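Source: prediction; values computed, not measured. Numbers here are sequence positions counted from 1.
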Amino acid sequence: MKRYRHYSRDKAIILACFGSVIEQQMYLNLKKEVEEKFERVDVFLSFSSRMVLKDLHKRGMEYKNLAQLLADVDMLGYRNIVVASINLFPTDEHELLGRTVEGFNSFSYANIRSTKAIINKTKETSLMLKSLNSRINEEKWANLYVIHGVPILDLAGLSSVGYTDAFLKAISKKNYTCSLEGAFPYYAMKERLIEQMKEDGVTHVQVVPLLLVSGNHYFKDMVEISEELGEHFESRIVGSVTQSKRFNLIELEDIRAVIFQNIKEEITKLG
């Protein structure tokens, strides 16, 4: 086939991320590590947030969304492409990624595969959450895990959010959960959360952002939640367990290990 002769390059990896104005370096660090893990494979970054893309453009940095980047990588002639879902849960952003890859596979001569989201398999998820809880646990402090959540209740992938919520509460009586804009949101649950904590004898609470990249949510939502809890308890945002000053799950080795394994599995399937 004459058209296929233009596909002269072997493999490419596209890291499909939401993006962050504040934590852009987190994604650049991840890209560098993926390049080190998968030598001789070219690695690209895409972002789905238009706000992030516009901000990066204003700062002289040119990035594209997944559809634009897939078109570019296809034009460059890569025969095999792995789109790595850099999404914590397999909800709306991950679903869009899957539809985009499916669409390109309907007309591209490249072999394009996408990975699972990070929280997808029960074993890896359970071990990761247990490890995270052990790392942040302090004797007198209760933990309020804040999940971003999705505002629509019939989306695919919500079972992974529900499992995460239930697992964290099951492994420790000191763990409480809420979301920012999903099921059981803080703005609607805060009175009962505070009441429950008082009934449980809690005196110290740390807010734990269960977000891949905290970004603006750290400075806005997490600070606000911590301040409101501070009217009833000694409160704080959990200290960073990584090199950065803020708490970003993407920096944790367990999270990155899942990302690398997901990429490896899809490369293997490419043959």
In terms of hydrophobic clustering (I, L, V, M, F, W, Y; side-chain heavy atoms under 4.5 Å; direct or indirect links), are [X] and [Y] co-clustered?
{"X": "F219", "Y": "Y187", "answer": "no"}
{"X": "Y63", "Y": "V213", "answer": "yes"}
{"X": "F18", "Y": "L56", "answer": "no"}
{"X": "L252", "Y": "V258", "answer": "yes"}
{"X": "V83", "Y": "I259", "answer": "no"}

Are more than 12 heavy atoms, taken from residues, nucleotides or ligands other than [X], located less than 6.0 Å from that residue's [atom1] atom?
{"X": "M75", "atom1": "CE", "answer": "no"}
{"X": "E265", "atom1": "CD", "answer": "yes"}
{"X": "R59", "atom1": "CZ", "answer": "yes"}
{"X": "K169", "atom1": "NZ", "answer": "yes"}
{"X": "E253", "atom1": "CD", "answer": "no"}

- Item | Pair S160-T125, side-chain contact (heavy atoms from CB on, under 4.5 Å): steps then yes or no | CA-CA 9 Å; S160 64; T125 297; over 6 Å; no
Between [X] and [Y] (side chain of the first, backbone of the second, donor and acceptor by atom type, cut-off under 3.5 Å), is there such a pair?
{"X": "D42", "Y": "A12", "answer": "no"}
{"X": "R256", "Y": "I250", "answer": "yes"}
{"X": "T177", "Y": "D165", "answer": "no"}
{"X": "K174", "Y": "E138", "answer": "yes"}
{"X": "N65", "Y": "Q68", "answer": "yes"}
{"X": "S106", "Y": "G103", "answer": "yes"}
{"X": "T115", "Y": "A84", "answer": "no"}

- Message: As a test of understanding, state which of L270, L69, I112 forms a side chain to side chain contact (heavy atoms under 4.5 Å, CB included) with I81.
- Response: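 Output: one option passes, namely I112.
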- Could you point out which residue of I255, L249, D254, N137 forms a side chain to side chain contact (heavy atoms under 4.5 Å, CB included) with L132?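 The single option meeting the side chain to side chain contact (heavy atoms under 4.5 Å, CB included) with L132 is L249.
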Does [X] pair with [Y] as a salt bridge, N-O distance under 4.0 Å?
{"X": "K140", "Y": "E234", "value": "no"}
{"X": "E195", "Y": "K198", "value": "no"}
{"X": "K190", "Y": "E231", "value": "no"}
{"X": "K31", "Y": "E35", "value": "yes"}

- Message: Quick one, Y186 and L180 - any side-chain contact, counting heavy atoms below 4.5 Å?
- Response: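 A side-chain contact is absent here, since even the closest heavy-atom pair is not under 4.5 Å.
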Any side-chain donor paired with an acceptor under 3.5 Å for [X] and [Y]?
{"X": "E23", "Y": "Y218", "result": "no"}
{"X": "N133", "Y": "Y145", "result": "yes"}
{"X": "D74", "Y": "Y109", "result": "no"}
{"X": "Y176", "Y": "D200", "result": "yes"}

- Task: Applying side-chain contact (heavy atoms from CB on, under 4.5 Å), run through F233 and I194 and close with a yes or a no.
- Result: CA-CA 9 Å; F233 316 97; I194 291 168; 4.1 Å; yes
- Item | Steps toward side chain to side chain donor-acceptor pair (under 3.5 Å) verdict (N29, E33) | CA-CA 6 Å; N29 293 344; E33 195 165 347; over 6 Å; no
- Item | Name of the residue among S48, S85, S49 meeting side chain to side chain donor-acceptor pair (under 3.5 Å) with E93 |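 Passing option: S48.
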